[in-house]
Novice: 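Input: one structure, supplied below.
Just follow the structure's listing: the first ligand is 1, and inside any ligand the first atom is 1. The figures here come from the full heavy-atom set of this structure, side chains too, leaving out hydrogens, waters and symmetry mates. All residue numbers in this chain count up from 1 along the given sequence.
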Amino acid sequence: TQKYDAGLEKSRSSFGERLNALFANFRSVDENFFEDLEEMLIEADVGYQTAVTISDELRDEVRLKNVKRPEEVSQVIVQKLVDLYGEAGENEDNSLHYAESGPTVFLFVGVNGAGKTTTIGKLAHQLKDSGKSVLLAAGDTFRAGAIEQLQEWGRRDGVPVIASEAGADPASVVFDAVKQAKAQQVDVLLVDTAGRLQNKVNLMKELDKIKRVIVRELPDAPQEVLLVLDSTTGQNALSQAKEFNQTTDITGIVLTKLDGSGKGGIVLAIRNELHVPVKMVGLGEKMDDLQVFDPTKFVYGLFK
Ligand code: GDP
């Protein structure tokens with residue numbers, strides 16, 4: 001909870017403070033109040049449809065319960081968001097899936113700069129801490145520096161990295177990594193990939209080829225295809241998610257840089273518009289700043 005509290009500082013100060021200002025400015029809960037609220041929700045990036053849904057349901061509830069004072073609405077809003085994400089999220093499986101036997105493979109996809117390499121580095125550290133053996137595959141042979149960056153994380157985590165030179169065929173790097181993971185009975189293989197959304201056809205072919213190489217050796221893998229999204233890009237992250245979802249089957253989302261974003265509301269938009277669970281969140285640049293996503297803690301973190 002402490003991590004969430006600290007990590008969501010920005011989202012909270014912009015969202016929570018504005019919400020409080022809204023309550024301070026209005027004497028009564030009238031139509032202007034709902035219009036301002038709707039606008040604020042849209043700016044917090046919960047998504048247009050979600051913002052409208054929330055304020056519509058609030059209107060009904062306020063009428064039903066005969067709420068007159070803005071302060072009372074505050075509680076209803078928090079409850080509404082918890083319901084929307086928390087309860088809906090409870091039936092949703094946002095845990096990471098591991099192989100029953102043999103190596104587990106997690107494939108990381110997302111545009112450059114989203115935080116793939118950093119997320120892999122952090123997760124490798126946590127997995128190793130929990131007693132699992134880990135191997136990294138430098139499948140992003142496209143972005144300058146991506147290989148070295150992953151190798152640096154490998155050194156820091158004390159985890160081996162399979163890499164080739166820049167420009168090499170990523171599928172061949174992944175092939176070597178899967179072979180080694182099998183031979184050495186590694187518990188978890190984390191695969192970095194290049195994120196060139198500019199060329200969707202190539203990206204799709206590349207990801208397909210990587211997946212085929214994995215499945216040939218390990219029929220149940222990859223257990224997770226995780227889309228890494230930069231939350232500071234707000235609605236852009238949402239449209240990227242939609243594009244990636246068309247390109248490849250995403251099993252979960254890692255939402256990074258929530259510590260630097262006033263746009264924590266994007267979590268709700270993703271949940272409602274994409275129906276892909278957010279499985280992890282990045283709340284900073286340190287090793288332990290990657291957290292399992294907890295919807296209820298998240299919503300309360302926004303309002304504390
Ligand atoms: P990639 O191109 O997708 O592999 O992205 P990187 O892993 O290189 O990340 C891009 C930048 O975002 C780096 O400077 C990271 O340190 C930073 N970053 C990644 N995740 C987080 C996070 O959760 N919080 C913050 N503040 N920075 C992050």
Novice: Which heavy atom of the protein is the closest neighbour of atom 5 (O) of ligand 1, given with residue, atom name and distance?
Specialist: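 I find the closest protein heavy atom is G115 N, 3.0 Å.
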Novice: Any heavy-atom pair between the side chains of L127 and D187 that's under 4.5 Å?
Specialist: no
Novice: Taking only heavy atoms of K116, which atoms of ligand 1 are found under 4.0 Å from at least one of them?
Specialist: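 Those of ligand 1 that fall under 4.0 Å from K116 are 1 (P), 3 (O), 4 (O), 5 (O), 7 (O).
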Novice: One residue to check: L283. Relative to ligand 1, which of side chain, backbone, both or neither has a non-hydrogen atom less than 4.0 Å away?
Specialist: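 For L283, only backbone atoms sit under 4.0 Å from ligand 1.
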Novice: Has D140 got a side-chain atom pairing as donor or acceptor with I147's backbone, closer than 3.5 angstrom?
Specialist: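 Between the backbone of I147 and the side chain of D140 there is no qualifying donor-acceptor contact (under 3.5 Å).
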Novice: Could you state the interatomic distance from OG1 (T117) to CD1 (I120), rounded to the nearest 0.5 Å?
Specialist: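 With rounding to 0.5 Å, OG1 (T117) is 6.0 Å from CD1 (I120).
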Novice: Could you list the atoms of ligand 1 found under 4.0 angstrom from a heavy atom of V111?
Specialist: 3 (O)
Novice: Looking at D157 and V159, would you say the former's side chain and the latter's main chain have a donor-acceptor pair under 3.5 Å?
Specialist: no
Novice: Could you tell me the residue and atom name of the protein heavy atom closest to atom 4 (O) of ligand 1, and the distance to it rounded to 0.1 Å?
Specialist: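 Among all protein heavy atoms, the one nearest atom 4 (O) of ligand 1 is T117 OG1, 2.6 Å.
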Novice: Atoms of ligand 1 less than 4.0 Å from E285 heavy atoms?
Specialist: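 Answer, ordered by atom number: 14 (O), 15 (C), 16 (O), 17 (C), 25 (C), 26 (N), 27 (N), 28 (C).
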Novice: In this structure, would V278 and L227 fall into the same cluster of hydrophobic residues linked by side-chain contacts under 4.5 Å?
Specialist: yes
Novice: Suppose we measure from atom 24 (N) of ligand 1 to each protein heavy atom; which comes out shortest, and what is that distance?
Specialist: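 Closest protein heavy atom to atom 24 (N) of ligand 1: D259 OD1, 2.8 Å.
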Novice: Under 4.5 Å between any side-chain heavy atoms of I214 and V174, yes or no?
Specialist: yes
Novice: Is there a heavy atom in D192 that sits closer than 4.0 Å to ligand 1?
Specialist: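 No heavy atom of D192 comes that close to ligand 1.
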Novice: Indicate yes or no: at least one non-hydrogen side-chain atom of L96 is less than 4.5 angstrom from one of T104.
Specialist: no
Novice: Would you mind reporting whether P103 and L218 have side-chain heavy atoms less than 4.5 Å apart?
Specialist: yes
Novice: Between K116 (side chain) and V111 (backbone), is there a donor-acceptor pair under 3.5 Å?
Specialist: yes
Novice: Quick test: of every protein heavy atom, which one is nearest to atom 2 (O) of ligand 1, and how far off is it to 0.1 Å?
Specialist: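 Protein heavy atom with the smallest distance to atom 2 (O) of ligand 1: G113 N, 2.6 Å.
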Novice: Would you mind running through ligand 1 and noting each atom that sits below 4.0 Å from a heavy atom of Q149?
Specialist: 6 (P), 7 (O), 8 (O)
Novice: Heavy-atom contact under 4.0 Å between V228 and ligand 1?
Specialist: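 No.
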Novice: Near K122, which atoms of ligand 1 are under 4.0 Å from a heavy atom of that residue?
Specialist: 22 (C), 23 (O)
Novice: Do K211 and T248 pair up side chain to side chain, a donor and an acceptor below 3.5 Å, judged on atom types alone?
Specialist: yes
Novice: Could you name the option among M280, R143, K257 that has the heavy atom nearest to atom 23 (O) of ligand 1?
Specialist: K257
Novice: For N112, counting its heavy atoms only, list the atoms of ligand 1 lying under 4.0 Å from any of them.
Specialist: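 Under 4.0 Å from N112, ligand 1 has these atoms: 2 (O).
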Novice: Is G110 near ligand 1, meaning one of its heavy atoms is under 4.0 Å from it?
Specialist: no
Novice: Any nitrogen or oxygen of L258 lying under 3.5 Å from a nitrogen or oxygen in ligand 1? Just yes or no.
Specialist: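 N/O-N/O distance below 3.5 Å does not exist for this pair.
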Novice: So if I count the atoms of ligand 1 from 1 in the order they appear, which ones are less than 4.0 Å from some heavy atom of G282?
Specialist: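 Those qualifying, in numeric order: 23 (O).
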Novice: My understanding is that we take every heavy atom of each candidate and find the minimum distance to atom 19 (C) of ligand 1. Doing that for T118, L255, L150, I120, which one comes out nearest?
Specialist: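 Result: the heavy atom closest to atom 19 (C) of ligand 1 is in T118.
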Novice: Is a side-chain N or O of E224 found less than 3.5 angstrom from the main chain of H97, in a donor-acceptor match?
Specialist: yes
